[in-house]
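Values reported hereafter were calculated over all heavy atoms of this structure, with side chains retained and with hydrogens, waters and symmetry mates removed. What you see is a predicted model, and the numbers here were worked out from it, not measured in a lab.
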Amino acid sequence: MTAAPQEPPARPPQAGSGTGRAPGRAMRSTTLLALLALVLLYLVSGALVFQALEQPHEQQAQRELGEVREKFLRAHPCVSDPDLGLFIKEVADALGGGANPDTNSTSNSNHSAWDLGSAFFFSGTIITTIGYGNAALRTDAGRIFCIFYALVGIPLFGILLAGVGDRLGSSLRRGIGHIEAIFLKWHVPPELVRVLSAVLFLLVGCLLFVLTPTFVFCYVEGWSKLEAIYFVVVTLTTVGFGDYVAGASPNQNSAAYQPLVWFWILLGLAYFASVLTTIGNWLRVVSRRTRAEMGGLTAQAASWTGTVTARVTQRAGPAAPPPPEKERPPLPPLPCPAQPAGRPLSPAPPEKAEPPSPPTASALDYPSENLAFIDESSDTQSERGCALPRAPRGRRRPPNPPRKPARPRGPGRARDKGVSD
């Protein structure tokens, strides 16, 4: 008799499978390195483009500044070159501190870079992390206060931005939902309705927070359309270069103008946050559906492969396994002993046919199970060929001594009995 085939050990979860992946697992190293390489490539390409576009303009501006400086020195020989350089440096520092070159101490202009409206706008650029840079802090006390002010204000504004984004997105989706109901009444396919609603959501947001402010800034600030839309995009993406800032012109005397610009920044950032959240949810749903479909296809492929392999194995019949390493080869089966002539041959007891094992889906993954099945089949074939049972594999069974044939009973035995009498 042979031992029953042991069950194969459980397979560890493969990498990339959805069942064995713990929630919140960190990004794989290969994916992280590939993403880092892509970002670096994007940065290098951007650097090359900006260098090709802006470096010639910078060199031209530097040449013009040198020509103006030489012309001033020729017109005013009493001014030395070092004194002129020191004067230019002081003027640049004053402009960086918020001074206006169009006004002087004798003028009656009340414009200030730190009036209430401008200070409110500056505080808003801190907590929104835009930081235009057109106005900077020059005192140590102001810099120390700015550190703690930013540490408290940035998380607080983040909470406000999330709430406003949810409310704004809900309001826009509610309005678009009425339009979807109208399309459905017109028997428009639901897939097309979803696409139209997404397009309307983007168009309405762009109309309210991008196009309308662009025309307002063109009218109020006197900018061109390119300059205005450049300022809008740089502001709502929180880049904030500071070359164009709404309300920074001395001609703008309205105290409520810059606070209104800050409220537009709040709503625009909330809209963009809502758009990014919607895109993230859509990508998450698509990724979940893709993983589910790929898991189903993988399971079907494994089941089909296992079934085909099992059928091919059954048709080919069991084959003798190769002898294991470091083991003595098994002895050949003993020949069947000769039966005596006077005794009829006893028929071999009928054997119960064992039902074939059902095909399993892991026929290719667990070779030990297939070898156990082959061992059992070879033992059964040996028992059918000889009445003597075969010893289990791995232990040698001593051969049985041959049985002596029985003495025949006939007249010769009766004659011997008569003689003895």
Side-chain angles (χ1 to χ4, degrees), residues 24 26-27 32 36 39 43 89-101 103 105 109-170 205 209-210 213 216-217 220-221 230-250 252-277 280:
M27 185 182 295
L32 186 60
L36 177 60
V39 172
L43 290 176
K89 183 178 180 181
E90 291 179 356
V91 170
D93 292 340
L95 293 177
N100 186 9
T103 60
S105 58
S109 175
N110 295 326
H111 175 76
S112 173
W114 293 105
D115 57 5
L116 185 58
S118 300
F120 179 86
F121 186 75
F122 177 79
S123 301
T125 58
I126 293 176
I127 64 175
T128 56
T129 67
I130 294 178
Y132 287 110
N134 62 315
L137 300 172
R138 298 294 177 179
T139 61
D140 294 339
R143 291 167 181 169
I144 294 174
F145 176 76
C146 180
I147 293 173
F148 295 98
Y149 187 79
L151 292 177
V152 177
I154 291 174
L156 185 63
F157 179 77
I159 298 173
L160 174 64
L161 187 64
V164 174
D166 292 339
R167 184 62 61 88
L168 182 62
S170 301
F209 304 109
V210 177
V216 171
F217 291 136
V220 176
E221 298 289 341
Y230 168 77
F231 169 75
V232 168
V233 174
V234 167
T235 299
L236 295 183
T237 54
T238 68
V239 176
F241 290 117
D243 48 353
Y244 291 92
V245 179
S249 175
Q252 186 57 247
N253 297 323
S254 176
Y257 177 67
Q258 285 191 321
L260 290 177
V261 172
W262 184 84
F263 280 103
W264 160 73
I265 293 174
L266 172 63
L267 295 178
L269 292 177
Y271 168 72
F272 274 94
S274 178
V275 170
L276 293 177
T277 302

Report all side-chain donor-acceptor pairs from residues 258-272 shorter than 3.5 Å, counting only partners two or more places apart or in another chain.
{"residue": "Q258", "atom": "OE1", "partner": "S118", "partner atom": "OG", "Å": "3.2"}
{"residue": "Q258", "atom": "NE2", "partner": "A246", "partner atom": "O", "Å": "3.0"}
{"residue": "Q258", "atom": "NE2", "partner": "G247", "partner atom": "O", "Å": "3.4"}
{"residue": "W264", "atom": "NE1", "partner": "F209", "partner atom": "O", "Å": "3.3"}
{"residue": "Y271", "atom": "OH", "partner": "F201", "partner atom": "O", "Å": "3.3"}
{"residue": "Y271", "atom": "OH", "partner": "L202", "partner atom": "O", "Å": "3.2"}

Taking all atoms of both residues into account, what is the closest heavy-atom pair of [X] and [Y], and its distance?
X	Y	result
N134	A248	ND2-CB, 4.0 Å
A135	W114	CB-CZ2, 4.5 Å
A150	P155	O-CD, 4.1 Å

* Contact list for residues 123-132, test side-chain hydrogen bond (donor to acceptor under 3.5 Å, both in side chains), sequence neighbours left out ->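 Only Y132-T235 qualify under side-chain hydrogen bond (donor to acceptor under 3.5 Å, both in side chains).
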
* Selection residues 238-247 - residue pairs positive for side-chain hydrogen bond (donor to acceptor under 3.5 Å, both in side chains), sequence neighbours left out ->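 Listed once each, the pairs are E227-Y244, Y230-D243.
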
* Which residue pairs satisfy the ring pair (Phe, Tyr, Trp, His ring centres under 6.0 Å) criterion with at least one member in residues 141-165, sequence neighbours excluded? -> F145-Y149

* Taking only residues two or more places apart in sequence, or in another chain, which ones meet R143 in a salt bridge (charged side-chain N to carboxylate O under 4.0 Å, His left out)? -> D140

* Worked check of side chain to side chain contact (heavy atoms under 4.5 Å, CB included) between C146 and L137 -> CA-CA 9 Å; C146 180; L137 300 172; 3.5 Å; yes

* Summary of salt bridge (Lys or Arg N to Asp or Glu O under 4.0 Å) pairs that have at least one residue in residues 260-272, sequence neighbours excluded ->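 Listed once each, the pairs would be none.
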
* L156 side, atom CG; L161 side, atom CG - distance, nearest 0.5 Å -> 11.5 Å

* Look at atom CG of L116 and say whether more than 12 heavy atoms of other residues, nucleotides or ligands are closer to it than 6.0 Å. => no

